[in-house]
Protein chains: 2
Amino acid sequence: MTTHETSAAPLGLRERKKQKTRERIRREAYRLFAEHGYEATTVDQIAEAAEVSPSTFFRYFPTKEDVVMQDEYDPALAEALRARPADEPIVEAILNSLRGPMGEMLQQDRDELLLRTRISFTDPAIRARQVAEQQRSEEGIAASIAERTGRSTTDLDVKCAAAAIVAVFTTLVRHWVEGDGKEDLAALYERHLPLLSRGLDF
Amino acid sequence: MTTHETSAAPLGLRERKKQKTRERIRREAYRLFAEHGYEATTVDQIAEAAEVSPSTFFRYFPTKEDVVMQDEYDPALAEALRARPADEPIVEAILNSLRGPMGEMLQQDRDELLLRTRISFTDPAIRARQVAEQQRSEEGIAASIAERTGRSTTDLDVKCAAAAIVAVFTTLVRHWVEGDGKEDLAALYERHLPLLSRGLDF
DNA sequence: TATTTATTGACAGTGGACTCCCATTTGGCG
DNA sequence: CGCCAAATGGGAGTCCACTGTCAATAAATA
């Protein structure tokens, strides 16, 4: 590597074309996945729909799995969490993070998020990948909690808390997806996340 | 079908042989998975190790995935939960269930559980399957909670609670596996599950 | 023992993910 | 424009899960 990517790079025609190609492949893949399911969609079909050769598909994505999402949201949340005052109770801190730009981000990507999430809940093969990502999300959130409370990241209570939080998130998002995204995701968070702070009183 | 299976069937030589073959395939598969990983193990290898032809493998297991575990424990927990008095707080009820025969069951299968769980945490492809099972566990536990509290199974709070509980379980089991099962799993439950009842006070 | 039926192994596919290679095209640049 | 490097397409090839068929064998049954 002789050149470093700078955020202000003018981006020549070549780069722009590549980005567009990558995006086109990804978009067509998602469309086909949504239409016929992940397993039932072949790389050849994706390539054809994106108007590239199968070889080119593999140049952009090392494996078919790689075309599926990595979730930017949970890591972003872990980040946002770090900006909140440490004396704020964790659930409050999360809700406050979601009320900020983080929430707008979700609002913005609503449709794509809906589609992606639907796929990942529907298809077992993709689900696997998703779970791996989720694990990292948990670690990120655990790290935030640990940082805020001066505990260790390896603290089991911290890990359990992070796991519970992510689990509730997942449950709410699933509910949201099953309702075709008609409900307000943010409202669901506001309504059900506090369950964790007040304790499971069943 | 002209004959029906009766629980007291004396089980002819044919049936017994089949059972043994099935078990042998499963055992060898697990051994190889543990040794080389799920993906890296081919059906041919499993068949050879189990001393059957590849065709026979597929006669016993429709797909390679089908050779992996279904978890009997979480459903068993949901069952046991139903036997506890309804006025007992949920986390207490769970712990009490685990203190009974349910706990002995776990104790008994310790080694196999350790192996199976290790595989399912290690290998993404199997993890997918596991997650699907987990989903059903959540539903089972949600059903128990709903039944105990007279709420609906579709109640989002109930679903969130079940998800949180399973998430903590998973976290603890993972921790247990990572420590090679040296710690006492039951003790981990006792120590960290109450986190959920008293609320996340971070 | 003779007949029937279930289980098996061998073998020849199929399809799809993924690799390698090479010729062609296309954008970057002097 | 003309050269170079990057990006692409096409094709041949590998690996492996999984299917289907058929003949041989072993168990159940008469």
Side-chain angles (χ1 to χ4, degrees), chain A residues 1-6 9-26 28-30 32-33 35-68 119 123-129, chain B residues 1-6 9-26 28-30 32-33 35-68 123-126 128-129:
Chain A
M1 279 276 169
T2 52
T3 61
H4 295 268
E5 282 183 20
T6 68
L11 237 25
L13 172 55
R14 213 162 227 175
E15 287 310 307
R16 266 177 292 142
K17 243 187 148 173
K18 261 169 77 173
Q19 276 194 345
K20 275 173 66 178
T21 302
R22 187 184 183 82
E23 188 47 38
R24 204 167 59 244
I25 294 175
R26 218 183 55 90
E28 293 302 312
Y30 272 76
L32 290 169
F33 291 165
E35 209 164 315
H36 309 124
Y38 176 76
E39 297 266 342
T41 304
T42 72
V43 170
D44 285 20
Q45 290 168 352
I46 299 172
E48 179 165 353
E51 295 179 302
V52 294
S53 71
S55 335
T56 300
F57 174 93
F58 285 107
R59 284 200 186 91
Y60 281 88
F61 300 94
T63 76
K64 183 179 159 189
E65 272 192 4
D66 278 299
V67 95
V68 304
I119 296 173
D123 195 284
I126 293 207
R127 188 96 188 101
R129 190 66 171 248
Chain B
M1 280 272 165
T2 53
T3 60
H4 295 268
E5 282 183 20
T6 69
L11 239 25
L13 172 55
R14 217 164 226 173
E15 285 311 305
R16 264 176 292 142
K17 250 185 141 171
K18 261 169 78 175
Q19 277 195 344
K20 275 173 65 177
T21 303
R22 186 186 186 80
E23 187 46 38
R24 203 170 57 243
I25 294 175
R26 216 185 56 89
E28 291 304 311
Y30 272 73
L32 290 169
F33 291 164
E35 209 165 314
H36 311 126
Y38 175 77
E39 296 267 339
T41 305
T42 72
V43 170
D44 284 20
Q45 289 168 351
I46 299 171
E48 180 164 353
E51 295 179 302
V52 293
S53 72
S55 335
T56 299
F57 174 93
F58 284 108
R59 286 199 186 92
Y60 281 90
F61 300 94
T63 77
K64 183 180 161 190
E65 271 192 5
D66 278 300
V67 94
V68 304
D123 195 287
I126 293 208
R129 190 68 171 247

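Since this is a predicted model, take the numbers as computed values, not measurements.
Y60(A) comes within 4.0 angstrom of sugar-phosphate atoms only, judged by non-hydrogen atoms across all strands, and of no base.
Between the P atom of dA17(D) and the CG atom of D44(B) lies a distance of 7 Å, rounded to the nearest Å. Rounding to whole angstrom units, CD of residue E51(A) and C1' of dA7(D) are separated by 17 Å. Here dA5(D) presents its P atom at 16 Å from NZ of K18(A), a figure rounded to the nearest Å. Between the CZ atom of F61(B) and the P atom of dC18(D) there is a distance of 13 Å, given to the nearest Å.
Within the 3.5 Å criterion, the main-chain N or O of E23(A) finds no donor-acceptor partner in the side chain of Y60(A).
Across Y38(B) and K64(B), no two heavy atoms sit closer than the pair O-NZ, 3.1 Å. Pairing each heavy atom of Q45(A) with each of A40(A), the nearest pair is OE1-O, 3.7 Å. Smallest separation of non-hydrogen atoms from T41(B) and H36(B): OG1-CB, 4.1 Å.
Other residues, nucleotides and ligands place no more than 12 heavy atoms under 6.0 Å from the CD atom of E51(A). In the displayed structure, E48(A) atom CD is contacted under 6.0 Å by at most 12 heavy atoms of other residues, nucleotides or ligands.
Map F57(A) and A40(B) each onto its nearest nucleotide of DNA chain D; the residue landing nearer the 5' end is F57(A).
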Protein-to-nucleotide contact annotation, 5' to 3' order, nucleotides 19-30 of chain D [B base; S sugar-phosphate only; - none; under 4.0 Å, heavy atom]: B-B----BBS--
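Note that the first and last nucleotides of DNA chain C, 5' to 3', having any atom under 4.0 angstrom from a heavy atom of chain B are dT5(C) to dC11(C).
Legend: residues meeting side-chain hydrogen bond (donor to acceptor under 3.5 Å, both in side chains) with T63(B), ordered by chain and number and at least two apart, are D66(B).
Atom-to-atom distance recorded for F33(A):CZ and E39(A):CD is 10.0 Å, nearest 0.5 angstrom.
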